[in-house]
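Notes to accompany the following structure.
Chain letters run A, B, ... following the sequence lines, proteins first, then strands; residues in each count from 1.
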Protein chains: 2
Amino acid sequence: MAAGVTIYDVAARAGVSIKSVSRVLNGEANVSPALRESVNTAVAELGYRRNLSARSLAGSSSSIIIAMVDEALTIEHWRSGRGNDYLSRLELGLLMECRQADYYLMVELVDYGAATLRRDLSAMLAAIRPEGVVLTPPNSDHPVVLDVLDEAGVAYARIGPERDLDRGVRIRMDERQAAEDITRHLIELGHRRLAHIAGPSAYSASRLRREGFEAALRKHGLAVDESLILEGDFTFQSGLQGVERLLALAERPTAVFAANDDMALGALQGAAAAGLSVPGALSVAGFDDTPSALFSTPALTTIRQPVAEMAAAAARRLVPTLRGEMPRSSDLNEETVPYQLMVRGSTGPLA
Amino acid sequence: MAAGVTIYDVAARAGVSIKSVSRVLNGEANVSPALRESVNTAVAELGYRRNLSARSLAGSSSSIIIAMVDEALTIEHWRSGRGNDYLSRLELGLLMECRQADYYLMVELVDYGAATLRRDLSAMLAAIRPEGVVLTPPNSDHPVVLDVLDEAGVAYARIGPERDLDRGVRIRMDERQAAEDITRHLIELGHRRLAHIAGPSAYSASRLRREGFEAALRKHGLAVDESLILEGDFTFQSGLQGVERLLALAERPTAVFAANDDMALGALQGAAAAGLSVPGALSVAGFDDTPSALFSTPALTTIRQPVAEMAAAAARRLVPTLRGEMPRSSDLNEETVPYQLMVRGSTGPLA
DNA sequence: CTGCGGGTTGACAGCGCTGTCAAACGGGGG
DNA sequence: CCCCCGTTTGACAGCGCTGTCAACCCGCAG
């Protein structure tokens, strides 16, 4: 069987040297068609596939892409027994792209809070020697991480970066504009008293979404009322509590835009608990389009963030074949992917 | 920096041979405490970490665990733009365990439907040389896969296997009993006319859950009415359609047990659309405890499947340190993890 | 007819580790 | 005091590839 087939076997079968086999496999120039042909035949016949370890040990390219996953977040998910939808979609995109480019995907936990982060990271990079790594928010902007990667000469793609916009490959979505769009959608439905349940201000996504919310209000001549802007922590619970506080106000809002779906779902439940019909008495909008957004009653109006596409784009730009083809100008290392406003049942005019 | 630190650097610093460093790092016997000490010091000072490729190339252990992911399923998720909660939780468990054991996690797509599956797999195993692989349902029982793994001498853990219960490490949950439990819960609430929306019969999980459902009915002296048993395909849509058909029956059921949460959520929505209050007029139960189960109104009664724990257990049993400590008796290669019945708002007595 | 240059191929030395085997060491019995 | 044997350590050969460099081939200009 294919187990144990080495480059020597292929070379012997094709009657050439191992170097020639290597050349064909790597698509190097100056190989005669005849040789290429016979090598390819031998490879196919033997079901040969190059050994990953040998390749990365001998050469400079390892064909490994690492998805760096926040350890603290993972432990939290572990404790709660829940999955991580964002990460799952991200990985989906990476996997699809890796398959195309014949790359391998490795997932690594990183303790971004560790005092030894710098050392941990560089040791990890030395151990695995990845060809590229993919960074996710909010760590796409982590200065130590970027520095270590630069020092190690490892290419990296940053999903949703906000700072240092000249470093690495950047894959972005216009969160500010998306938030503005969904807020405008609410305004156009006739709402004049809009509330926002923001995310933790440590996340730049939270800030941008809030900015978009406020910008939409201003553009439509509505005042920004600080008492209608609450800070949650991206959890269902905080959405629930947020809406409870909002509904306790003397002058209730008629529409709520939550900075993510989990909080919006919490708000939805809070509204139901308070006996308010949605969207008759209160409109609720979210952000992310998590699976649950579709399953709630009513289904949640939200912004569909193309996480998988962003990840695929990230991986694509880390693969050297493509990278080599384009100028290394830093402008071209940036890609902005389109979002989508998903209007569903949770938003509408007042009944 | 730590980048580029090799075993030679450590050996030089500690004033010993590279082999001694290797011995200490591998925890081999017959190493004097003094040597161990000085090597450990040097390792710490230099921030050294062994190179993965070199290790797996030279030795027999690669420290790599592969999660084999169904390619067809992944493409489907890719198309729909949705994440995969099951996979996400699985990975969570694997990651947590890999971190403990200092293992690496690699994710590989496998086209289980390919005619060349056998060859693809063995080429993949030859290329990566993983120390172990983790198989998920319904592929935990795939005979070709098991054969190739056996031939390649790669250890494997099977999540939720149903056949060949003497091969590999088996991590199971008593699906049948769980389904019986949740059905009994419905019966104890006073329901006598129970329906079941089953999963595709190709999945053994579907069969087991159905068996559990029927067993509970029989044990309580209720007849199994085939007209109340429908087959869905695990999607929200099919749950919705299923409940519509059930509610169109002359004699409606008062409780529905769906074989997974997505279908149960669909049923919930179908009930709402038909103007039925849940659980006042219809009780709905699911299976899996996906995130959405908590967010629906009312929250879904379901079986909490400890996917992450199962994955962690799988990884744990693939790690040789532990494996070596216990007898290789095939009985001890099996672990059954406990499920949990999560009673929430979607089930109750008739109003 | 000889020599030169570009295109093509192969020999060989590592990459950083582990496994094998032998050397060195040290303690107890004869 | 020497020998034997178990313990501790090190020298060295690969693992399966890629990178470097040299050898070889050919056609064409000189």
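We find that CG of N51(A) is positioned 18 Å from P of dC15(C), with the value rounded to whole Å. Atom-to-atom, CD of E131(A) to P of dT18(D) comes out at 12 Å; the value is rounded to the nearest Å. The interatomic distance linking I7(B) (CD1) with dG19(C) (C1') rounds to 13 Å, in whole Å. Taking atom CG of residue L52(B) and atom C1' of nucleotide dT18(C), one finds them 14 Å apart after rounding to whole Å. Remark: C1' of dG14(C) and CZ of R55(A) are 18 Å apart, rounded to the nearest angstrom. Atoms CG (L125(A)) and P (dG16(C)) sit 15 Å apart, rounded to a whole Å. Distance, E28(A) CD to dG19(D) C1': 9 Å, rounded to whole Å. A straight line from NZ of K19(B) to P of dT18(C) spans 7 Å, rounded to a whole angstrom.
Residues V5(A) and R13(A) are not in side-chain contact: their nearest non-hydrogen atoms beyond the backbone lie 4.5 Å or more apart.
In this structure, S60(A) reaches the sugar-phosphate backbone alone: every heavy-atom distance under 4.0 Å involves primed, P, OP1 or OP2 atoms, never a base. Within the nucleic acid shown, R36(B) has no heavy atom closer than 4.0 Å to any nucleic acid atom. Using a 4.0 Å heavy-atom criterion, one finds that N30(A) contacts the bases of the nucleic acid, with or without backbone contacts as well. Contact annotation for I18(B): base contact, defined as any heavy-atom pair under 4.0 Å involving a base atom.
With no hydrogens or angles considered, a side-chain donor-acceptor pair links S63(B) and R55(B) at under 3.5 Å. Looking at N26(A) and S22(A), their side chains do bring a donor and an acceptor atom within 3.5 Å of each other. Y112(B) and E71(B) share no side-chain donor-acceptor pair at under 3.5 Å.
The residues R118(B) and E151(B) are annotated as salt-bridged, a charged nitrogen and a carboxylate oxygen being separated by less than 4.0 angstrom.
Of the side-chain N and O atoms in Y8(B), none sit less than 4.0 angstrom from OP1 or OP2 of dA11(D). For dG16(D), the OP1/OP2 oxygens have no side-chain nitrogen or oxygen of T6(A) closer than 4.0 Å. In this model, the phosphate group of dT9(D) is approached by a side-chain N or O of S32(B) to a distance below 4.0 Å at OP1 or OP2. Note on S22(A): a side-chain N or O is less than 4.0 Å away from OP1 or OP2 of dT18(D).
Comparing dG10(C), dG10(D), dG16(D) by their nearest atom to the side chain of V16(A) picks out dG10(C).
Nearest-nucleotide mapping onto DNA chain C: of A58(B) and S17(A), the residue sitting toward the 5' end is S17(A).
No hydrogens or angles were tested; on distance alone, nothing pairs the side chain of R23(B) with the base of dG19(C) as donor and acceptor under 3.5 Å.
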